[in-house]
Amino acid sequence: MAKNLVIVESPAKAKTIEKFLGKEYTVASSFGHIADLPSKELGVDVENGFKPNYIVSSDKKDVVKKLKSLSKKAEMVWLASDEDREGEAIAWHLAEELELDKDKTRRIVFHEITKKAILKAIESPRSIDYNLVNAQQARRVLDRLVGYELSPVLWRKVKGGLSAGRVQSVSVRLIVEREREILNFKSVPSYRIDAEFANEKGKSFKAKLPKNFSTKAEAEAFLKKSMGAIFKVADLTTKPAKKSPAPPFTTSTLQQEASRKLYFSVSKTMTMAQRLYEAGLITYMRTDSVNLSTEAQNGAKAEILSAYGEEYSHQRQYKGKAKGAQEAHEAIRPTDFSNHTVNVEYDQQRLYELIWKRAIASQMSDAKLERTNVKIEANTYKEQFTANGEVIKFEGFLKVYLEGTDDEDEEQEGILPAMKKAENLFNNYISATERFTRPPSRYSEAALVKKLEELGIGRPSTYAPTISTIQNRKYVDKGATEGEERSYIQMILTGDDLKENKLTEKVGSDKGKLIPTDVGMVVNDFLVNHFSSVLDYNFTAKVEQDFDEIAEGSEDWSQVMKGFYDEFHPKVIDVAENAEREVGERILGEDPESGKPVSVRLGKFGPMVQIGSVEDEEKPKFASLGPGQTLANITYEEAMDLFQLPKELGVYKGETVVVSNGRFGPYVRFGEKFVSLDKGEDPLGTSLERAIELIDAKEKADAPIYTYEDLPVQKGTGRFGPFIKWKGMFINVNKKYDFDNLSDEDIIQLIEDKKQKEIDKVLHNWEEEGIRVEKARWGRSNVIKGKIKIELPKTVDATKLTLEKVQAIIEKNAPKKKATAKKKTTAKKKTATKKKTTAKKK
DNA sequence: CAGTGAGCGAGCTTCCGCTTGACTT
């Protein structure tokens with residue numbers, strides 16, 4: 001048995017380090033945090049110094065058990081979690097949970113996974129830094145208090161199941177406010193003037209007028225003045241310039257660049273990077289640091305020298321500028337620079353090459369450029385055209401890599417032909433094109449990450465999960481429309497010939513962009529109205545200062561918590577008691593028939609439009625909003641149209657065909673059968689022909705494709721891809737099969753395989769009692785009796801269960817019947833009265 | 001699932017940050 005146990009956070013890291021350290025050392029991993037607050041309760045004693053109640057999370061019990069037994073056998077335990085707040089807390093939790101003896105425990109830290117760095121760390125151990133631990137506790141407790149006190153207020157005032165938090169709520173706010181800017185934006189047209197000239201040698205180049213004309217008449221007048229004009233080079237300047245490489249990737253910049261260049265989602269980037277990391281090809285992918293180890297710098301230099309030559313090398317160390325960065329790791333870089341590419345799955349390979357190029361480029365010399373600016377004058381007016389050119393004199397880092405840009409307008413500056421001042425120019429054409437000012441663009445996932453990082457909100461490990469959370473809560477949706485056609489005018493002057501064209505372009509595509517839902521907007525408005533301090537963009541930055549002071553030892557963490565909570569908690573109580581329910585109501589107008597108000601609001605099942613109010617004698621009329629309609633954008637006319645639904649389209653095969661908006665979108669009903677319209681399809685605009693087309697398609701899709709053991713086999717596409725259905729079983733059809741043309745043999749094969757799998761799954765089957773025990777996922781097993789399903793923990797060896805034991809388990813764990821509660825409900829229904837107003841003012 | 005939208009009111013939902021997992025309807 002090895003004398004030393006080293007504990008790190010990541011198993012991949014453990015593997016690497018073990019190689020450096022030799023036989024005297026065992027290296028194990030904690031898989032991140034091992035202890036946390038319980039998820040079912042607040043877990044913070046707010047009355048006693050905010051003492052947290054830590055528990056070992058259920059999925060970490062095995063890890064702790066294993067580490068404990070390893071630590072018992074070791075002579076020295078080295079806690080080598082990361083050198084930041086979270087890492088220090090992990091070290092502390094390990095010391096506590098493993099009950100480590102102080103004399104045989106050392107805390108070590110290193111920022112880079114190199115043999116030198118690790119050996120050096122072992123030579124200079126320290127003890128656990130409790131100030132840093134306390135800063136982490138403050139962070140953890142603050143997030144818990146904010147999240148677990150605000151969320152229930154939302155359940156009460158908006159809708160169940162919602163959530164709020166320091167990071168997610170501000171993320172939603174950014175998206176909501178951007179959307180409002182777009183909604184309020186008024187697009188203004190103007191005319192941009194472009195031209196093409198040729199020099200005396202006949203080489204042509206493009207130029208433009210620095211300012212646009214605001215009306216068509218002005219633009220046209222300008223073009224007319226240009227007829228027959230003589231053009232000359234008025235001025236010509238040439239200046240040297242340089243471009244420097246961007247620093248190597250952090251998590252955030254990697255996500256942005258992979259989104260721009262490879263069109264990866266943030267989570268896809270992280271999955272691909274994780275694979276590369278586990279394969280030992282790149283350094284750790286969750287980092288906020290742009291540092292490179294000396295070893296890495298030398299590795300990059302050697303590669304640059306051999307591949308490009310001396311003049312391309314320029315060693316640089318970058319300074320981190322990210323707010324709140326903790327820099328426990330290196331920047332993201334290849335572990336071996338001599339691998340220009342790696343032989344892995346295609347997408348991983350593309351990401352690797354991006355990382356390689358960026359890291360190599362960061363150690364290369366500046367590009368040297370020459371920028372030329374030409375001003376062109378006409379003899380008939382004083383406006384001057386300008387043309388800009390850029391020539392690369394020495395490419396430097398541009399040989400391997402150029403950073404992408406988010407700016408869609410950026411024009412590539414080309415090479416200008418040689419010209420002299422006062423040289424005469426020939427005009428090929430001048431055009432005036434109608435342009436429209438554009439609203440700010442919606443956030444893409446990567447753009448949101450960039451903004452969050454600028455604000456210092458969230459950490460590298462949480463950017464991707466945060467984006468998932470706000471989508472799971474239905475606060476935000478990903479856009480799916482291609483945009484709309486817009487027509488614009490272009491006038492072109494060629495010689496004395498002035499032509500006008502009407503062209504079209506696509507604008508406003510929101511594909512993959514983050515768009516707030518009605519729920520997102522309503523929740524955001526509620527939070528911003530009542531909890532402005534937590535929703536403030538600078539809230540995180542402010543509390544980070546407090547955490548820093550705690551880490552330095554100049555503040556007591558529970559005092560900081562008290563300062564926050566004494567303000568926050570009374571506000572929560574007050575809002576929970578007194579605030580109005582938030583439904584995002586907007587009055588659109590009046591119903592001409594009844595004179596009652598027409599309003600939109602968030603209902604129990606989503607956004608809806610309503611005529612009249614519940615207090616009226618007569619019941620109000622309701623209708624759900626259709627596709628693409630939101631509380632914010634729906635007009636009075638659109639809202640009134642919704643009351644035409646459900647609409648009868650006619651009769652097909654003896655059944656009435658009806659269209660309407662349902663809870664899950666627009667649909668067509670045909671007798672008892674339902675067919676969804678396409679996402680975004682307008683039910684009001686649906687014809688009988690279109691409905692019949694959908695019905696026929698549905699009938700065809702539902703038609704059995706085969707009959708097996710006298711029972712029909714159907715096929716379909718579900719959340720996890722294509723499947724076939726037989727006897728109520730869903731059978732996944734993987735890529736090995738041609739789903740569109742399944743042969744009879746394929747179908748039989750698939751069914752038989754599934755049957756076998758079902759049989760293999762059963763561990764016990766007591767048919768008389770109707771009780772089964774089956775293998776389930778995560779190494780667990782399930783006890784099944786009729787509709788009751790009880791998950792047994794991993795620790796239970798299900799193969800050894802007896803009928804008696806299983807019956808006892810059912811007795812203990814079966815869900816209590818709710819029959820009594822239900823009876824009460826129906827009985828009370830009739831006697832229900834209007835207590836609304838009195839209940840509210842409690 | 002394909003309408004509903006209050007009232008009754010059991011018992012549920014939730015945070016951020018550190019890790020990897022292994023397979024569903």
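Just so it is clear: chains get the letters A, B, ... in the order the sequence lines come, proteins before strands, and each one is counted from 1. No experiment lies behind these values; they were computed from the predicted model shown.
Comparing the same atom, P, in B:dG21 and in B:dG17 gives a spacing of 23 Å after rounding to whole Å. Using atom P as the reference point in both B:dG7 and B:dG3, the two lie 24 Å apart (nearest Å).
The side chain to side chain donor-acceptor pair (under 3.5 Å) test applied to A:Lys60 returns no partner, not counting sequence neighbours. For the side chain to side chain donor-acceptor pair (under 3.5 Å) test, no residue two or more places apart in sequence or in another chain qualifies with A:Asp84. When the salt bridge (Lys or Arg N to Asp or Glu O under 4.0 Å) test is applied to A:Glu582, no partner is found at least two apart in sequence or on another chain. Residues forming a ring pair (Phe, Tyr, Trp, His ring centres under 6.0 Å) with A:Phe531 (at least two apart in sequence, or on another chain): none. Under the ring pair (Phe, Tyr, Trp, His ring centres under 6.0 Å) criterion, A:His111 pairs with no residue, sequence neighbours left out. Legend: residues meeting ring pair (Phe, Tyr, Trp, His ring centres under 6.0 Å) with A:Tyr565, ordered by chain and number and at least two apart, are A:Phe50, A:His569. Residues meeting the ring pair (Phe, Tyr, Trp, His ring centres under 6.0 Å) test with A:Phe674, sequence neighbours left out: A:Tyr667.
Across the protein-nucleic acid pair, A:Arg275 atom CZ and B:dT20 atom P stand 12 Å apart, rounded to whole Å. Rounded to an integer number of Å, the gap from A:Phe643 CZ to B:dG3 C1' is 14 Å. In this structure, the CE atom of A:Met270 is 15 Å from the P atom of B:dG21, given to the nearest Å. Computed from coordinates, the A:Lys13 NZ to B:dT20 P distance equals 10 Å when rounded to whole Å. Nucleotide B:dG5 holds its P atom 16 Å from the CG atom of A:Leu625, rounded to whole Å. A:Phe674 places its CZ atom 12 Å from the P atom of B:dT4, with the value rounded to the nearest Å.
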Original post:
Where each pair must be Watson-Crick or G-U wobble with both distances under 3.5 Å, what dot-bracket representation of DNA chain B is obtained, with crossing pairs in [ ] and other-strand partners as |?
Top reply: .........................
**OP:** Scan nucleotides 13-19 of chain B nucleotide by nucleotide, 5' to 3', and note B when protein non-hydrogen atoms come under 4.0 Å of the base, S if they reach only the sugar-phosphate, - if neither.
**Re:** BBBBBBB
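Residue A:Gly606 is in base contact, counting any heavy-atom pair closer than 4.0 Å across all strands shown.
Both A:Val675 and A:Glu278 lie close to DNA chain B; mapped to their nearest nucleotides by heavy-atom distance, the more 5′-ward contact belongs to A:Val675.
Taking a cutoff of 4.0 Å between a charged side-chain nitrogen and a carboxylate oxygen, A:Glu149 and A:Arg144 do not qualify as a salt bridge.
A:Arg166 forms no cation-pi arrangement with A:Phe539, by the criterion of a distance under 6.0 Å to the ring centre and an angle within 45° of the ring axis.
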